[in-house]
Amino acid sequence: RDLPPEHRVALMALHAMAGASFNQGSLTDADKYSAELLKLQRRALGDDHPDTISTIHDRGAALSNLRRYAEAVAILRQGLEAALRVHGAAHLGVARIQMRLLEALHGNNQVADADQLLATVLDTARKAGGIMAQNAWELVSVQSAWLQRQKRTDEAVGLLRDWTDVLRRSNSDSRTLGSCLYRLGDALAALGNHAEAESALLEALAQREKTPDDYRRFQVQRDLGLVLQAQDKFEEAEKHLVSSYRGLRESEKQLHISSRRSIFESLDALIALHQRWNRVEQVAIWRAELTAFEKHAATQRGYWTTLNSRGFALRSAKRFEETLALRTLVVADQTAQLGREHATTLQTLEYLGFDYLLASQPNRAEEIFREVLRAREKLGPDDWTRFATMRLLGQALLRQERFTEAEPLLVDARDGLFVRQDKIPANLRAHLPTVLTVGAQLYERWGKPDQAAEWRKKLDAFNAGQPSAAAKP
């Protein structure tokens, strides 16, 4: 359709903002911009326009990332119907929407619907072969990852082996076949079948090397190095891991946000290799390389989400000294680039405070949470995040057994969060049961079982799907 100039400009601007927000990990902003973009496209272009269908895919992905799976399922079903009308079943755009729909169905615990969708698509693709078999790989990839998360890795291996054969019979392109072999190798490694994993990953690497501009071949080399290390093939492992790291660094500007962690993973793998190989000098060299890269990455906005995710992984592994050093680095650079009271900096400061709490340094955590709370009281006293920070401060005081100071903070945090629960994003609603849990812990440690029982009762009511009952004083 011919669009007025102002509509074209608005569409281009919203598309750019939605894409930039998603690539920077700002999922809430990506959701907001994609919703506005879709509304305008539907009005100006219609539901069956290819651009509208593409935005439905992106919006479904944003909703799933925010764990708003029911909404994602509804909009992706609409998009799939439109895509089938416009493109036909063999179009890649259809497969992309089917992939997102499968993810959303799993997230929404609609397992039977997910299985039906997968069975229908794969059965059709097997019979048709060619481009349909290649496109169906998108769904096989999602399903195999889901099976592994469900601890059903043997089923994932069976599915991936089956689809590898389908792709070979269909003369699939090297990228798709390489991707399937790569996932098969990783699944076999997870089962401890290292020899078979090595074979699959070597073939995956051979396929990926047919497209030398594709940085994902270096990710294959990293995983191949890990499999070789597990078999004590240290020299071969070192060759692939060094090549992986160097290749990823050279391709750094091309890496998608979800792939930037691969550089850290290659460095971690090199350090682990030389530790197992008892090469102390090499361990020191690669540790210094890791530290230098962390400092470099912290100055790049595009790496902040990756670095915070790395901090969570280090925290889970109880490597608190590394966690604290990394998070402090990110806070320093965010402060320099954005300011101390910017929302992004405050969020990372909260992560740092919780790192200190888990590292058994509640005094330091308290200092950070008080700073964040002061900023939130000034910038948005009615925002739900202020009450989430109150809970964290109350938790830090609880750890120090300063019960009388913690109590009013936790009561206010509970009341403030529940009054504003509709404003809390779906992926962050864990703040609601958490504040009830911490409140119960306060009274249990304080020796007040009756009050503890009241908070536990509210928690049970929330978990039973009665948030209004949980919020009553």
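Treat the numbers as computed from the prediction; the structure is a model and nothing was measured.
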L38 vs I75 side-chain heavy atoms within contact, under 4.5 Å: yes
Do L224 and E236 touch side chain to side chain, with heavy atoms closer than 4.5 Å? no
May I ask you to decide whether [X] forms a salt bridge with [Y], counting only side-chain N to carboxylate O separations under 4.0 Å?
{"X": "D113", "Y": "R77", "value": "yes"}
{"X": "R68", "Y": "E71", "value": "yes"}
{"X": "D232", "Y": "R276", "value": "yes"}
{"X": "R96", "Y": "E138", "value": "no"}

Go through the side-chain N and O atoms of [X] and [Y] and say whether any donor and acceptor fall under 3.5 Å apart.
{"X": "T345", "Y": "T335", "result": "no"}
{"X": "S262", "Y": "R216", "result": "no"}
{"X": "Q337", "Y": "H342", "result": "no"}
{"X": "E407", "Y": "Y443", "result": "yes"}
{"X": "R100", "Y": "S64", "result": "no"}

Inter- and intrachain pairs under salt bridge (charged side-chain N to carboxylate O under 4.0 Å, His left out), touching residues 333-345, at least two apart: R340-E371, E341-K378
Can you list every pair that meets salt bridge (charged side-chain N to carboxylate O under 4.0 Å, His left out) and has a residue in residues 143-154, with sequence neighbours left out? R152-E155
Taking distance alone, no hydrogens or angles, what donor-acceptor pairs closer than 3.5 Å link side-chain atoms of residues 247-254 to residues at least two apart or in another chain?
from: R249; atom 1: NE; to: E252; atom 2: OE1; distance (Å): 3.3
from: R249; atom 1: NH1; to: Y245; atom 2: OH; distance (Å): 2.9
from: S251; atom 1: OG; to: G247; atom 2: O; distance (Å): 2.9
from: E252; atom 1: OE2; to: H296; atom 2: NE2; distance (Å): 2.8
from: E252; atom 1: OE2; to: Y303; atom 2: OH; distance (Å): 3.1

[atom1] of [X] to [atom2] of [Y]: how many Å apart, nearest 0.5 Å?
{"X": "R327", "Y": "L314", "atom1": "CZ", "atom2": "CG", "answer": "8.5 Å"}
{"X": "Q361", "Y": "F320", "atom1": "CD", "atom2": "CZ", "answer": "10.0 Å"}
{"X": "L417", "Y": "T385", "atom1": "CG", "atom2": "OG1", "answer": "9.5 Å"}

Per side-chain contact (heavy atoms from CB on, under 4.5 Å), S144 is matched among D186, T153, L139, L160 by L160
On the 0 to 90° scale, with breaks at 30° and 60°, tag the F312-Y351 ring pair as parallel, tilted or perpendicular. perpendicular
Give a yes/no verdict on a cation-pi contact between R301 and W304, requiring under 6.0 Å between NZ or CZ and the six-membered ring centre and an angle within 45° of the axis. no
Can you confirm if the NZ or CZ of R183 lies within 45° of the ring axis of W137 and under 6.0 Å from the centre of its six-membered ring? no
Keeping R391 on the side-chain end and V438 on the backbone end, is there a donor-acceptor pair under 3.5 Å? no
Closest approach of L273 to A237 (non-hydrogen atoms, all atoms of both residues): CD1-CB, 4.1 Å
